[in-house]
Amino acid sequence: MIRRFALLCMGFAAAAACGRGSGGSPTCGIALIAGPSLITQQLANARAVITEPLRGLPEQLPAMVIQQRQASVHVGYDPDQRIVMEYAGSGFPARTGYGLLVVDDTSQRAMGVLVFESQEPKDYPRLGTVTGGSTTLNLYGVRVDWASVNNPRCPLLGAPPPAS
């Protein structure tokens with residue numbers, strides 16, 4: 001029963017994702033579901049969790065609120081050198097959630113930010129915050145093999161960010 005429900009949810013999400021400018025491809029819909037799931041699974045790998053705020057981030061990165069649409073974040077640093085991001089778009093979680101800075105483990109480039117409207121990870125180092133409207137969420141970071149979680153024909157976070 002759970003398996004059928006999961007497949008049904010994936011089908012609805014894939015159909016919704018296909019209408020988001022991805023060329024109508026079911027592959028892109030599935031990629032928009034599988035990519036974030038694979039990325040959050042990396043939080044279980046202690047070597048993949050980023051423990052210190054990164055320096056040299058571009059001024060703007062692509063962002064996506066999961067189950068919403070793509071947008072961007074403006075990047076800065078507070079006086080304690082923690083990362084401070086301002087979400088520019090609609091659909092930001094109203095109450096709970098977290099941001100996840102995604103870094104390619106090969107190039108060490110920040111690829112973007114995923115915003116989740118769910119329970120934040122426990123016992124991980126907070127890198128800073130991401131704010132949308134009047135809501136501020138904690139920001140965490142993870143390194144992933146970007147090529148294995150992103151389909152170049154329908155990029156998870158849109159166009160790649162500029163090299164820093």
Side-chain angles (χ1 to χ4, degrees), residues 13-14 16-25 28-40 42-43 48-50 52-118 120-121 124-164:
C18 290
R20 296 190 333 175
S22 61
S25 165
C28 290
I30 292 169
L32 287 172
I33 296 167
S37 178
L38 292 169
I39 290 168
T40 56
Q42 279 298 99
L43 288 170
V49 174
I50 298 171
E52 296 289 325
L54 300 175
R55 302 289 167 247
L57 291 173
E59 289 182 16
Q60 189 169 329
L61 286 169
M64 182 173 65
V65 176
I66 300 305
Q67 302 292 327
Q68 298 291 329
R69 65 182 193 86
Q70 295 173 344
S72 64
V73 290
H74 298 282
V75 180
Y77 295 90
D78 69 12
D80 295 326
Q81 295 304 303
R82 290 201 180 266
I83 300 168
V84 179
M85 295 183 173
E86 180 71 33
Y87 183 80
S90 62
F92 197 81
R95 287 182 241 135
T96 62
Y98 66 97
L100 188 59
L101 177 64
V102 180
V103 176
D104 180 18
D105 67 358
T106 303
S107 67
Q108 299 304 312
R109 245 176 75 185
M111 301 312 292
V113 178
L114 297 174
V115 179
F116 295 88
E117 190 171 5
S118 62
E120 64 184 288
Y124 291 110
R126 186 173 69 89
L127 301 179
T129 59
V130 58
T131 300
S134 62
T135 306
T136 299
L137 305 175
N138 287 327
L139 177 70
Y140 302 93
V142 66
R143 287 182 178 84
V144 298
D145 177 8
W146 186 245
S148 71
V149 298
N150 182 59
N151 182 338
R153 287 184 282 138
C154 41
L156 180 62
L157 291 166
S164 55

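As the structure is a computational prediction, the values presented were derived from the model and not from experiment.
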Chemist: For the residue pair S72 and Q60, establish whether any side-chain heavy-atom pair is separated by less than 4.5 Å.
Modeler: yes
Chemist: I'd like to know if the side chain of D80 and the backbone of R82 have a donor-acceptor N/O pair within less than 3.5 Å.
Modeler: no
Chemist: Which class fits the ring pair Y98 and F116: parallel under 30°, tilted 30 to 60°, perpendicular over 60°?
Modeler: parallel
Chemist: Looking only at heavy atoms, what is the nearest atom pair of L139 and V130, with distance?
Modeler: CB-N, 4.5 Å
Chemist: Measuring from atom CE of M111 to atom CG of D105, what distance do you get when rounded to the nearest 0.5 angstrom?
Modeler: 11.0 Å
Chemist: Using 0.5 Å steps for rounding, measure from the CG atom of L100 to the CG atom of N138.
Modeler: 12.0 Å
Chemist: Mind checking the CG-CZ spacing from D104 to R143? Nearest 0.5 Å is all I need.
Modeler: 10.5 Å
Chemist: Taking C-beta and beyond as the side chain, do P93 and V65 meet within less than 4.5 Å on heavy atoms?
Modeler: yes
Chemist: Heavy atoms, side chains only, cut-off 4.5 Å: are M85 and V75 in contact?
Modeler: yes
Chemist: With a 4.5 Å heavy-atom cut-off, do L156 and V102 have their side chains touching?
Modeler: no
Chemist: Between the main-chain N or O of Q81 and the side-chain N or O of R55, is there a donor-acceptor pair closer than 3.5 Å?
Modeler: yes
Chemist: Which heavy atom of A110 sits nearest to which heavy atom of L101, and what is that distance?
Modeler: CB-CD1, 4.1 Å
Chemist: Which atom pair, heavy atoms only, marks the closest approach of Y124 to L43?
Modeler: OH-O, 2.6 Å
Chemist: Which atom pair, heavy atoms only, marks the closest approach of I50 to E52?
Modeler: CG2-O, 3.3 Å
Chemist: Between T135 and Y87, is a side chain to side chain contact (heavy atoms under 4.5 Å, CB included) present by the stated rule, with each step listed?
Modeler: CA-CA 10 Å; T135 306; Y87 183 80; over 6 Å; no
Chemist: Which heavy-atom pair separates G133 from E86 by the least distance, and what is that distance?
Modeler: N-OE2, 4.3 Å
Chemist: Identify the heavy atoms of P155 and Q70 that sit nearest to each other, and give their distance.
Modeler: O-NE2, 3.5 Å
Chemist: Do L127 and L54 have side-chain heavy atoms sitting under 4.5 Å apart?
Modeler: no
Chemist: So if I apply the side-chain contact (heavy atoms from CB on, under 4.5 Å) rule between L157 and each of V113, N150, L114, which one comes out positive?
Modeler: L114
Chemist: With rounding to the nearest 0.5 angstrom, report the CG to CD distance, L137 to E117.
Modeler: 9.0 Å
Chemist: For the CD atom on Q108, are there more than 12 heavy atoms of other groups (residues, nucleotides or ligands in this structure) within a distance under 6.0 Å?
Modeler: yes
